[in-house]
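Have a look at the structure below before the remarks.
To find a chain, count down the sequence lines: A is the first, B the second, and so on, and within it residues start at 1. Everything quoted here is computed from the prediction, not taken from an experiment.
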Amino acid sequence: MDLIADLEARGLIHDSTDREFLRARVKDGPVGIYYGCDPTADSLHVGNLIGLIVLRRFQDAGHKAIALAGGATGMVGDPGGRSEERNLLDEQTLSANVAAIKHQLGRIVDLSDPNRGVLVDNRDWTQAITLLEFLRDVGKHVTVNQMTARESVRIRLESEHGISFTEFSYMLLQANDYLWLHDNLGCDIQIGGSDQWGNIISGVDLIRRKRQHQVHAFSWPLLTASDGSKLGKTAGARTWLDPVKTSPYQLRQHFLQIADEDLRQQVLTFSLLPIPQIDELLAAHDEAPHRRIGQRTLAHELTALVHGNEAAKAADEAADVLFGGDPAHASLAALEAVGREVPSSRMTPVQLVELVDVLVATDLAQSKSDARRTLEGSGYRCNGASIDVNTQLSDQILLHGRYLLLQRGKKSHHLVEVFS
RNA sequence: GGGUCGGUGCCCGAGUGGCCAAAGGGAACGGGCUGUAAACCCGUCGGCAUCGCCUUCGAAGGUUCGAAUCCUUCCCGGCCCA
């Protein structure tokens with residue numbers, strides 16, 4: 001099976017330029033392939049992971065992966081996917097974000113050999129262009145008619161918030177990026193989520209007009225969970241690749257909590273396992289869905305991919321303690337592992353006296369009122385046993401003489417180490 | 001620049017002088033059921049405090065015993081005209 005067929009089978013090709021030309025180009029030998037994301041935050045998230053993993057698939061097949069951090073486009077803001085104008089980021093923030101992202105990228109895509117993988121920032125070739133040059137060299141080749149026909153622009157034109165000229169120009173910048181990468185890095189394929197398709201095609205058109213070259217592109221479908229929610233979030237919060245923002249344990253949980261209905265699609269999208277092995281895995285999963293074999297396998301693979309094998313193993317172990325049964329029977333080593341994976345803190349017995357304050361301090365409650373309400377609804381446990389408003393934490397038996405494991409609901413935990 | 005409509009809690013959206021911490025829906029959170037699931041049922045959903053207080057309805061002033069609701073000015077957005 002060739003790479004394009006594999007991607008098709010995984011459901012990762014939504015739109016593409018002429019499929020046979022694309023397939024032929026990929027078979028023809030090493031090709032530069034580019035995926036860009038704007039550094040709007042100081043970390044990538046699982047949404048970006050799809051693109052990076054596709055890059056990785058191409059790299060593993062001998063192609064050249066080009067990851068683009070949009071320092072320039074990030075200043076302008078992509079109009080797609082939102083109804084309102086973006087807030088612009090200043091240069092310092094963007095630079096810091098690009099630096100932070102580079103490290104994460106390097107874990108998934110091999111950037112050690114510039115012939116196999118590179119990270120570029122479109123500020124490098126965009127910043128110096130003058131307005132007149134841009135209007136003449138890029139703007140002249142695109143009609144506003146085409147631009148306003150794009151879905152992302154049309155939605156904004158129809159929305160009550162409108163669209164600024166700045167964001168309207170976004171697709172021209174992205175088109176110019178593709179042109180530059182084609183000219184300078186031998187890039188012949190651009191990829192992105194289907195919401196990027198309009199921007200991507202603008203680049204393909206620009207290159208055809210200016211260079212008379214046929215370049216390629218494809219997009220993957222934007223994933224939505226079966227319950228209609230957006231993927232890439234855990235409990236409403238974005239799932240980041242930065243271990244400080246989203247711990248390896250939380251990343252593992254993100255994938256562990258995938259609904260069965262979404263499992264097949266998610267495994268095909270994210271796993272580097274060959275498809276026959278995935279079929280076996282899913283078959284095993286369906287035999288006993290309650291064991292969550294599919295989710296466990298995927299969660300482990302991705303945690304290992306993003307954070308390394310050690311971290312993935314530790315995350316698995318921590319989850320065993322937190323969901324495995326009575327935490328009172330957990331070993332000291334296991335509890336210490338938990339302490340590294342879930343939020344934790346050190347407190348003196350005196351600090352434990354006011355239960356409500358502790359719940360707020362450990363972030364298990366948003367306010368004292370919230371803590372009281374949730375206590376009334378028996379939403380909290382300490383060391384696995386339900387507690388109420390009258391519980392004295394200082395009277396609780398410390399696990400291994402020093403730990404209290406607090407939990408709200410099933411999924412939020414906090415380990416308190418008590419010292420005097 | 002002129003006209004006009006609008007800015008309400010996480011989001012949508014009622015409310016046009018007291019009965020409003022503010023309907024309803026969604027999201028979210030907790031409980032039950034379960035598989036760390038789905039569906040479903042129940043509860044909670046500004047803050048502080050053991051029904052009393054404080055801070056909220058774009059901002060600042062004002063009228064009033066009393067305002068999200070009325071007035072003034074300002075800020076922001078949509079639409080129409082120029």
Could you go over nucleotides 49-51 of chain B and give all protein N or O partners under 3.5 Å, atom names and distances?
residue	atom	partner	partner atom	Å
B:rA49	OP1	A:K368	NZ	3.4
B:rA49	OP2	A:R372	NH1	3.2
B:rA49	OP2	A:R372	NH2	3.0

* **Sub-4.0 Å heavy-atom contacts from residues 377-387 of chain A onto RNA chain B, ordered by number** => A:G377, A:S378, A:G379

* Residues in side-chain hydrogen bond (donor to acceptor under 3.5 Å, both in side chains) contact with A:S219, at least two apart in sequence or another chain -> A:D15

* With rounding to whole Å, what would you report as the distance between B:rG46 and B:rU36 at their P atoms? -> 31 Å

* Pair assignment for B:rG18, Watson-Crick or G-U wobble, requiring both distances under 3.5 Å -> B:rC65

* **Phosphate-side-chain proximity, A:K411 and B:rA37, N/O vs OP1/OP2 below 4.0 Å** => yes

* Considering just the side-chain nitrogens and oxygens of A:K410, establish if one lies under 4.0 Å of OP1 or OP2 belonging to B:rC29. => no

* **Check ion pair A:R23-A:E8 (N to O, under 4.0 angstrom)** => yes

* What pairs with A:K245 under salt bridge (charged side-chain N to carboxylate O under 4.0 Å, His left out), at least two apart in sequence or on another chain? -> A:D42

For residues 298-316 of chain A, which side-chain donor-acceptor pairs fall under 3.5 Å, sequence neighbours excluded?
residue	atom	partner	partner atom	Å
A:H300	ND1	A:D316	OD2	2.6
A:E301	OE1	A:S271	OG	2.6
A:E301	OE2	A:S271	OG	3.4
A:E301	OE2	A:L272	N	2.7
A:T303	OG1	A:A299	O	2.6
A:D316	OD1	A:R252	NE	2.5

* With a 3.5 angstrom cut-off on both distances, give the Watson-Crick or G-U wobble partner of B:rU50, or none if there isn't one. => none

* Of all residues at least two apart in sequence or in a different chain, which pass the salt bridge (charged side-chain N to carboxylate O under 4.0 Å, His left out) check with A:R123? -> A:D121

* Qualifying salt bridge (charged side-chain N to carboxylate O under 4.0 Å, His left out) pairs, either residue in residues 275-300 of chain A, two or more places apart -> A:R264-A:D279

Got a list of side-chain donor-acceptor pairs under 3.5 Å for residues 132-146 of chain A, not counting sequence neighbours?
residue	atom	partner	partner atom	Å
A:E133	OE1	A:T130	N	3.0
A:T143	OG1	A:Q146	N	3.1
A:Q146	OE1	A:T143	N	3.4

Exercise answer: donor-acceptor pairs, residues 327-343 of chain A side-chain atoms, under 3.5 Å, sequence neighbours excluded:
residue	atom	partner	partner atom	Å
A:S331	OG	A:A334	N	3.0
A:E341	OE1	A:Y249	N	3.3

* Is A:A288 touching bases, backbone alone, or none of the nucleic acid, heavy atoms closer than 4.0 Å? -> nothing

* Nucleotide forming a Watson-Crick or wobble pair with B:rU4, both distances under 3.5 Å -> B:rG78

* Report yes if a donor N or O on one partner sits less than 3.5 Å from an acceptor N or O on the other, where the partners are the side chain of A:Q253 and the base of B:rU36; otherwise report no. => yes

